[in-house]
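Taking it in order: structure first as C-alpha cells, then the write-up.
Quick note: numbers below take in every heavy atom, side chains included, and nothing from hydrogens, waters or symmetry partners.
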Amino acid sequence: MSYLRTFAPWIVYAMVPAAYWQWAALGALLLSLFEVTRQLRAGRTLDALIIDLGSLIFFAALTVLAFADPATALHPYSPALSSGVLALIAGVSLALRKPFTLGIAKQTAPQALWDHPVFVRTAYVLTAVWAASFTIGGVGLTALAHAGSTPRTIAQVLAFAVPAVFTIRYVAYIQSKAPAAARP
C-alpha cells in the first residue's frame, strides 16, 4: 500500500485528461504536499520519502509552468517528462546508495532485517527495475507525445504496472527463499 501512496500524485496526474493538465498538475502537487506532510508528521525519515519529495518538487515546477504558459510546447511531452523525472530520482537514489525502495520497505519490515544483505540487495534490484521501467516509459512516451491519448495512457500504465507486479512477485520469491526466522 505504501507504493500506491508514494505514486498516487503521478497516477492522478496521468489519469486526468490532457486538456485539464494545469489542474492535474495542481492536484498532484497538493496530493504530494499532503502526503509529505502526513508522512513527516508520522515520523517518517527522509530516506522513506525520496520519491515523495521528488514528486513535490516536480509537480511544483510543472504547476507553475502549466499555469504560466498553458500552451507551452512542453505540454505534449509532460508524460515523458514525468517518467524521466521518476527515472532520474530512482537512478540518483541508486547512485547515492540510497535506493528509494529501501526506505519504503523499512516502513513495514522488522528493523532486524534492515541491514541484512538480502534485504538491501532486494531494494537495489527493485529500484533498478523501477528506474529501467521509468526510463523505457519516458522514451516511449516521448515517441508517443503527439499520438492519441490511448497509446500514451497504455505506456504510462505499463511504466507503473510492470515494476509494481515485478515488486510483488520478486519480494514473494525472496521471502520464499528466506529461512523462516528471517521472514518479516
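- With Thr63 contributing its side chain and Ala25 its backbone, the two residues share a donor-acceptor pair below 3.5 Å.
- Nearest heavy-atom pair, Ser32 versus Ser55, reported as atom, atom and distance to 0.1 Å: OG-CB, 3.6 Å.
- We find the CD-CG distance between Gln22 and Leu62 to be 9.5 Å, quoted to the nearest 0.5 Å.
- To the nearest 0.5 Å, atoms CG (Asp69) and CG (Leu65) are separated by 6.5 Å.
- Listed by first then second residue, pairs satisfying salt bridge (charged side-chain N to carboxylate O under 4.0 Å, His left out) with a partner in residues 95-109 read Asp47-Lys106, not counting sequence neighbours.
- Judged by distance alone, with hydrogens and angles left aside, the side-chain atoms of Ser78 form a donor-acceptor pair with the main-chain N or O of His75 at under 3.5 Å.
- If you chain together hydrophobic residues whose side chains sit under 4.5 Å apart, Ile11 and Trp21 fall into the same group.
- Contact between Leu144 and Pro151 at its shortest, heavy atoms only, is CD1-O, 3.7 Å.
- Contact of the Leu94 side chain with the Tyr124 side chain is registered, since non-hydrogen atoms from C-beta on lie closer than 4.5 Å.
- Although no hydrogens or angles enter the test, the distance criterion places a donor-acceptor pair under 3.5 Å between the side chain of Thr127 and the main chain of Thr101.
- Residues Ser133 and Phe166 have side chains not in contact (no heavy-atom distance under 4.5 Å, counting atoms from C-beta outward).
- Clustering ILVMFWY residues whenever any of their side-chain heavy atoms sit less than 4.5 angstrom apart, transitively, puts Leu88 in a cluster other than the one holding Ile50.
- The shortest side-chain heavy-atom distance between Leu126 and Val171 falls under the 4.5 Å cut-off.
- For the pair Leu56/Leu33, a side-chain contact is recorded, criterion being any heavy-atom separation below 4.5 Å from C-beta on.
- Between Trp10 and Phe58, the ring-plane angle classifies as parallel under the 30° and 60° cut-offs.
- Rounded to the nearest 0.5 Å, atoms CD1 (Ile51) and CD1 (Ile89) are 5.0 Å apart.
- Ile57 and Leu49 fall into different hydrophobic clusters, defined by Ile, Leu, Val, Met, Phe, Trp and Tyr side-chain heavy atoms under 4.5 Å apart, directly or through other members.
- Judged by distance alone, the side chain of Trp114 and the main-chain N or O of Ala109 form a donor-acceptor pair under 3.5 Å.
- Proximity of Phe7 to Leu86: side-chain heavy atoms (C-beta onward) are separated by under 4.5 Å at one or more points.
- With hydrogens and angles disregarded, a donor-acceptor distance shorter than 3.5 Å links the side chain of Arg152 to the backbone of Ala147.
- Each of Leu141 and Phe160 belongs to its own hydrophobic cluster when Ile, Leu, Val, Met, Phe, Trp and Tyr are linked at side-chain heavy-atom distances under 4.5 angstrom.
- Atoms CE and CD, on Met15 and Gln156 in that order, are 8.5 Å from each other to the nearest 0.5 Å.
- You'll find the side chain of Thr167 stays beyond 4.5 Å of the side chain of Val129, heavy atoms only.
- Side-chain contact check for Phe67 versus Trp23: some heavy-atom pair is nearer than 4.5 Å.
- Both Phe134 and Phe59 are members of a single hydrophobic cluster when ILVMFWY side chains are connected at heavy-atom separations under 4.5 Å.
- Closest approach of Gly138 to Ala80, counting heavy atoms only: O-CB, 3.6 Å.
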Begin with the C-alpha distance, continue with both residues' side-chain angles, and end with the deciding distance and a verdict on side chain to side chain contact (heavy atoms under 4.5 Å, CB included) for Ile174 and Phe119. CA-CA 9 Å; Ile174 293 299; Phe119 185 78; over 6 Å; no
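- Taken from CD in Gln107 to CZ in Arg44, the straight-line distance is 4.0 Å, to the nearest 0.5 Å.
- For the pair Ser83 and Ala159, the tightest heavy-atom approach, listed with the atom from each and the gap, is OG-CB, 4.4 Å.
- One distance of note links CG of Asp52 with CG of Leu31; it measures 9.5 Å at 0.5 Å rounding.
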Would Tyr77 and Thr72 count as a side chain to side chain contact (heavy atoms under 4.5 Å, CB included) here? Give the steps. CA-CA 10 Å; Tyr77 297 95; Thr72 180; over 6 Å; no
